Amino acid sequence: MAEKIKCLIIGSGPAGYTAAIYAARANLYPVLYQGIQPGGQLTTTTDVENFPGYPEGISGPDMMIDLQKQSERFGTDIRNGWITKVDFSNGLKLWADNHELECESVIISTGASAKYLGLESEKKYLELGGGVSACAVCDGFFYKNQDVVIVGGGDSACEEAHYLSKLCKKVIMLVRKDNFRASKIMQERVQKTNNIQILFNTSAVEIKGDGQVVTSVLTKNNITGELNEIPATGFFVAIGHKPNTDVFKPFLEMDETGYIINKPGSTKTNIQGVFVSGDAADHTYRQAITAAGTGCMAALDAEKYLASKEN
Ligand code: NDP
């Protein structure tokens, strides 16, 4: 038999926990499924220095523990697990593995994940923890005074390359076209940094290693087809993010990347009773504080929706 839930929250980043704090305090008895990465993207960050209220900064994982504790304090039912199936065709039915949930309202806070190139060798060394990363701020420290390669030509790649340049001996940036996508100011910053070398029209085709750790990156010039092997111990990928929304695709309106479309000025989706907060709907700001803000909005929208149903 399906479990009846008044307010289901999916995801445990700043958006999900903030929604939980507000929903619990409004007596919506929220149940929160933490998802595949409890705590979300901030658990892979070191210091968070731009979240208001922490004058000395706080580590990402510590902040997520605090947010979890705060949402538990008001009675949120936090569960380990994730939503594997959804049916919004007749009511709001969801499944956490085989456990069926029948919900009166749903807040989606599933966030986004870093994209990878999809190379076999990239996957191999990522899984081995041997030199492939999508987060310079999290892992740059391990490559102190070493040579690293970073892929991407957007603001993230420039920001991460600049961050790495302060730790590493040399940073080689691979940009697949003959131009950056990044803003002018970010482009100039990397161009002016002595130990960043930019290779335009260049793609990574294979990550080479000794079976444990990365030792070099095989690159291809996209104009001439010329191959080149660059010695490096770290391979960073900064080619954007993908929202974790696949499971909702048959029912919710999304843009071509998979970001859920919310009604302007609210967290409402095209399905009544389903609300979205955080990076699952935001490709512009993508900050912990904006995610928390929309988490609060989603809980308030859910509260209002549930109250209107009762009247
Ligand atoms: P973007 O989508 O802006 O850029 C992605 C970059 O990766 C592009 O250069 C793209 O190349 C490249 N790329 C994509 N797929 C591949 C691939 N398979 N192989 C090689 N290269 C690939 O993502 P970002 O994460 O950089 O930025 C996302 C948003 O966040 C943007 O709006 C950005 O402005 C913002 N942001 C702002 C920051 C700031 O202002 N401080 C910092 C970080 C992000 P191509 O151009 O050829 O498609």
Side-chain angles (χ1 to χ4, degrees), residues 13-15 40-42 44-51 60 111-123 125-126 132-140 148-166 171-193 196-207 217-223 225 227-228 230 232 234-245 254-261 278-291 294:
Q41 289 184 79
L42 278 186
T44 62
T45 309
T46 48
D47 285 343
V48 179
E49 295 185 328
N50 54 9
F51 199 95
S113 303
K115 284 200 268 189
Y116 289 90
L117 297 177
L119 301 169
E120 266 307 308
S121 50
E122 174 193 54
K123 188 163 174 260
Y125 286 102
L126 178 68
V132 172
S133 168
C135 180
V137 179
C138 323
D139 300 323
V148 298
V149 169
I150 181 163
V151 180
D155 281 333
S156 297
C158 290
E159 194 171 75
E160 302 210 351
H162 190 250
Y163 177 86
L164 289 168
S165 72
K166 291 189 244 161
V171 180
I172 301 109
M173 260 187 113
L174 309 182
V175 182
R176 67 178 171 181
K177 290 189 194 144
D178 65 357
N179 55 59
F180 279 108
R181 189 188 291 192
S183 52
K184 274 276 173 297
I185 189 166
M186 301 293 267
Q187 295 183 29
E188 282 170 11
R189 191 182 287 175
V190 291
Q191 277 159 338
K192 278 187 193 154
T193 306
I196 299 180
Q197 181 186 5
I198 303 155
L199 301 177
F200 287 106
N201 297 310
T202 305
S203 295
V205 289
E206 192 188 341
I207 319 306
V217 178
L218 188 66
T219 63
K220 187 177 119 188
N221 183 301
N222 296 326
I223 308 280
L227 295 176
N228 187 22
I230 302 173
F235 181 75
F236 288 86
V237 191
I239 60 169
H241 287 76
K242 184 185 177 304
N244 303 316
T245 56
M254 296 180 188
D255 70 10
E256 68 282 357
T257 320
Y259 287 97
I260 296 170
I261 296 172
D279 288 10
D282 172 21
H283 49 82
T284 311
Y285 302 105
R286 300 192 302 118
Q287 300 300 302
I289 187 68
T290 49
T294 54

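Counting from 1, the numbers follow the sequence of the chain as shown. This structure is a prediction, so every number in the text was calculated from the model and none was measured. For ligands, and for the atoms within them, numbers begin at 1 and follow the listed sequence.
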List the atom of Pro243, the atom of Ala280, and the distance in Å for their closest heavy-atom pair. CB-O, 4.2 Å
Could you tell me which atoms of ligand 1, counted from 1 in the order shown, lie closer than 4.0 angstrom to a heavy atom of Ile239? 5 (C), 7 (O), 13 (N), 14 (C), 15 (N), 16 (C), 17 (C), 18 (N), 21 (N), 22 (C)
Would you mind finding which of Ser156, Gly118, Cys158, Ser203 brings a heavy atom closest to atom 26 (O) of ligand 1? Ser156
Atoms of ligand 1, numbered as shown, that sit under 4.0 Å from any heavy atom of Gly240: 23 (O), 25 (O)
Any protein heavy atom nearer than 4.0 Å to atom 28 (C) of ligand 1: yes
Determine whether the side chain, the backbone, both or neither of Val151 has a heavy atom under 4.0 Å from any heavy atom of ligand 1. side chain
For Phe200, is there any backbone N or O sitting under 3.5 Å from a side-chain donor or acceptor partner on Asp178? no
By number and element, which atoms of ligand 1 are closer than 4.0 Å to a non-hydrogen atom of Gly154? 4 (O), 6 (C), 8 (C), 9 (O), 26 (O)
For atom 33 (C) of ligand 1, what's the nearest protein heavy-atom neighbour? Residue, atom name and distance, please. Asp155 OD2, 3.4 Å
His241 N/O to ligand 1 N/O under 3.5 Å: no
Which option out of Arg176, Glu160, Gln287 puts a heavy atom nearest to atom 17 (C) of ligand 1? Arg176
For Leu117, atoms of ligand 1 separated by under 4.0 Å from a heavy atom: 17 (C), 18 (N), 19 (N)
Identify the protein heavy atom lying closest to atom 39 (C) of ligand 1, giving its residue, its atom name and the separation to 0.1 Å. Glu159 OE2, 4.0 Å
Is there a polar contact between ligand 1 and Thr284, counting only N or O atoms under 3.5 Å apart? no
Quick one: does any side-chain atom of Thr202 pair with a main-chain N or O of Leu174 as donor and acceptor, under 3.5 Å? no
On a heavy-atom basis, the closest approach of Thr245 and Met254 is O-CE, 3.2 Å
Side chains of Met173 and Cys158, heavy atoms from C-beta outward: is any pair under 4.5 Å? yes
Sub-4.0 Å atoms of ligand 1 with respect to non-hydrogen atoms of Arg286: 25 (O), 27 (O), 28 (C), 29 (C), 30 (O), 44 (C)
Above 12 or not: heavy atoms from other molecules or residues under 6.0 Å from NZ of Lys123? no
Do Leu117 and Phe235 have side chains that approach each other closer than 4.5 Å (heavy atoms only, starting at C-beta)? yes
For Ala136 and Phe236 the tightest heavy-atom approach is CA-CE2, 3.6 Å
Could you list which atoms of ligand 1 come closer than 4.0 Å to a heavy atom of Gly153? 6 (C), 7 (O), 8 (C), 9 (O)
Side chain to side chain contact (heavy atoms under 4.5 Å, CB included) between His283 and Asp255, intermediate numbers included: CA-CA 11 Å; His283 49 82; Asp255 70 10; 3.9 Å; yes
Atom 32 (O) of ligand 1 - nearest protein heavy atom and its distance: His283 O, 4.3 Å
Protein contact of atom 3 (O) of ligand 1 - nearest heavy atom, named by residue and atom, plus distance: Arg181 CD, 3.5 Å
Which heavy atom in Ser121 sits nearest to a heavy atom in Ile207, and how many Å separate them? OG-N, 2.9 Å
